[in-house]
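So that the names make sense, note that chain A is the first sequence line, chain B the second, and so on, each numbered from 1.
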Number of protein chains: 2
Amino acid sequence: MQEEPQWDPYSKACPTRRLLDRIGDRWTVLVVGALAGGPMRYTALARRIEGVSQKMLTQTLRALERDGLLVRTVHPVIPPHVEYELSTLGRSLLPVLGALERWAIDNISGVLAARDGYDRD
Amino acid sequence: MQEEPQWDPYSKACPTRRLLDRIGDRWTVLVVGALAGGPMRYTALARRIEGVSQKMLTQTLRALERDGLLVRTVHPVIPPHVEYELSTLGRSLLPVLGALERWAIDNISGVLAARDGYDRD
DNA sequence: CAGGATCCCTGAGGATACTG
DNA sequence: CAGTATCCTCAGGGATCCTG
């Protein structure tokens, strides 16, 4: 929300570069995208994001929670019931990552074709 | 450009997941962003993207070239003169990654504040 | 100038086992 | 169910040296 000119990911030590790393991360993109439709539980996320390990899912969720992008709600029942949902900040990221995801889907065939041509030479 | 329904980054083996990795990569974002204004030479890119190693810069440029996102032009003179510029496909990625970069800059302070709160507890 | 080739090391990340 | 804790691997990536 600030237009502070000192933030510059092209500068080595600027925290925006690390933030860029986080939000561009494969698991971040998929987790945020999965939560686009509303709150989800841990196991549901694990099922939705095929191939994610428990470690990476937990680690990604913790990082997103720490950065204020999602809210973790624990319902103290047995068995445990934990829900994750995007915060306001997290939802503001939704269109950005959605566009990234969409670009990948829309252009994968073009990219694959380009690779074919490149590798043929 | 295709709306083929089989592409799904949530599927483990789908090539879109790897593509997502590539375009969300920190160096990719910065390289593509640097080339937004027009062609640049190798050394100019290295200077612009503070902290990038020769290895990673070359590697990123090669990957982007292979994927058809940028064009590498060698002028056979001595000393060598090589220019990199975005292809049409690469330029189509520009608004997407630009939004990513902008989001990071616009929201870094919010994120830092969230971290503060999280770490305090 | 624009890299290629190597060495090396940290840490991302998977697999597995265990727990409140 | 929703994790935590460990072990282990390999590849991302930096540093350094060399070259057409």
Side-chain angles (χ1 to χ4, degrees), chain A residues 9-14 17-31 34-35 39-67 70-85 118 121, chain B residues 9-14 17-31 34-35 39-67 70-85 118 121:
Chain A
Y10 288 90
S11 294
K12 197 174 177 178
C14 184
R17 183 177 286 187
R18 299 197 53 172
L19 180 56
L20 219 42
D21 262 8
R22 285 237 55 70
I23 61 178
D25 177 75
R26 61 139 56 114
W27 301 126
T28 297
V29 175
L30 296 177
V31 165
L35 292 175
M40 286 182 81
R41 301 179 62 174
Y42 184 88
T43 308
L45 281 167
R47 261 196 315 269
R48 175 79 178 108
I49 305 169
E50 196 184 318
V52 69
S53 64
Q54 294 183 349
K55 180 181 173 181
M56 289 317 297
L57 180 54
T58 300
Q59 192 171 297
T60 302
L61 289 169
R62 288 292 178 279
L64 290 176
E65 185 193 4
R66 177 169 183 261
D67 287 353
L70 61 76
V71 180
R72 177 172 179 265
T73 309
V74 181
H75 299 92
V77 294
I78 295 176
H81 185 110
V82 180
E83 284 202 328
Y84 295 92
E85 66 176 318
Y118 187 91
D121 306 329
Chain B
Y10 288 90
S11 293
K12 197 174 177 178
C14 185
R17 184 178 286 187
R18 301 197 52 173
L19 179 56
L20 218 42
D21 262 7
R22 285 237 57 72
I23 61 178
D25 178 76
R26 57 136 61 110
W27 300 126
T28 297
V29 174
L30 296 177
V31 165
L35 292 175
M40 286 182 82
R41 301 180 60 174
Y42 184 88
T43 308
L45 280 167
R47 261 198 314 269
R48 175 77 178 108
I49 305 170
E50 197 184 318
V52 69
S53 65
Q54 294 182 350
K55 180 181 173 180
M56 288 318 298
L57 181 54
T58 300
Q59 192 170 297
T60 302
L61 289 169
R62 287 293 177 278
L64 291 176
E65 186 195 2
R66 177 167 183 262
D67 287 354
L70 61 76
V71 179
R72 177 172 179 264
T73 308
V74 182
H75 299 91
V77 293
I78 295 176
H81 185 109
V82 179
E83 283 203 330
Y84 294 92
E85 67 176 319
Y118 186 91
D121 306 329

Give the rounded distance in Å between these two atoms: [atom1] of [X] and [atom2] of [N].
X: A:R22; N: C:dG11; atom1: CZ; atom2: C1'; answer: 14 Å
X: B:L61; N: C:dC1; atom1: CG; atom2: P; answer: 16 Å
X: A:I78; N: C:dT19; atom1: CD1; atom2: P; answer: 17 Å
X: B:R18; N: C:dG13; atom1: CZ; atom2: C1'; answer: 15 Å
X: B:E83; N: C:dC1; atom1: CD; atom2: P; answer: 14 Å
X: B:D21; N: C:dG13; atom1: CG; atom2: P; answer: 8 Å
X: B:R17; N: C:dG13; atom1: CZ; atom2: P; answer: 12 Å

Q. According to the side chain to side chain donor-acceptor pair (under 3.5 Å) rule, which pairs have a member within residues 46-59 of chain A, sequence neighbours left out?
A.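 Listed once each, the pairs are A:Y42-A:T58.
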Is any side-chain heavy atom of [X] less than 4.5 Å from a side-chain heavy atom of [Y]?
X: B:R26; Y: A:D21; value: yes
X: A:V52; Y: A:L30; value: no
X: B:D25; Y: B:M56; value: no
X: B:R72; Y: B:L61; value: no

Q: Map B:W27 and A:R62 onto DNA chain D by nearest heavy atom, then report which one ends up closer to the 5' terminus.
A: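 Mapping each residue to its closest nucleotide by heavy atoms, the 5'-most match is A:R62.
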**Q.** Along DNA chain D (nearest heavy atom to each residue), the more 5'-positioned of B:D25 and A:R41
**A.**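 Looking at DNA chain D, the more 5' nearest nucleotide goes with A:R41.
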Q. Residues from residues 43-56 of chain B sitting under 4.0 Å of DNA chain D, heavy atoms only?
A.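 Close to the strand are B:S53, B:Q54, B:K55, B:M56.
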Q) More than 12 non-hydrogen atoms from neighbouring residues, nucleotides or ligands closer than 6.0 Å to CZ on A:R62, yes or no? A)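 For A:R62, atom CZ is crowded (more than 12 foreign heavy atoms under 6.0 Å).
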Q. Is the CZ atom of B:R18 crowded by more than 12 outside heavy atoms at less than 6.0 Å?
A.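 Atom CZ in B:R18 is not packed in, count stays at 12 or less.
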Q) For A:V71 and A:Y84, what are the C-alpha separation, side-chain angles and deciding distance, and is it a side chain to side chain contact (heavy atoms under 4.5 Å, CB included)? A) CA-CA 6 Å; A:V71 180; A:Y84 295 92; over 6 Å; no
**Q.** Contact boundaries on DNA chain D for chain B, cut-off under 4.0 Å to non-hydrogen atoms
**A.**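 Here the contact window of chain B covers D:dG13 to D:dG20.
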Q | Worked check of side chain to side chain contact (heavy atoms under 4.5 Å, CB included) between B:L35 and B:M40 | A | CA-CA 7 Å; B:L35 292 175; B:M40 286 182 82; 3.7 Å; yes
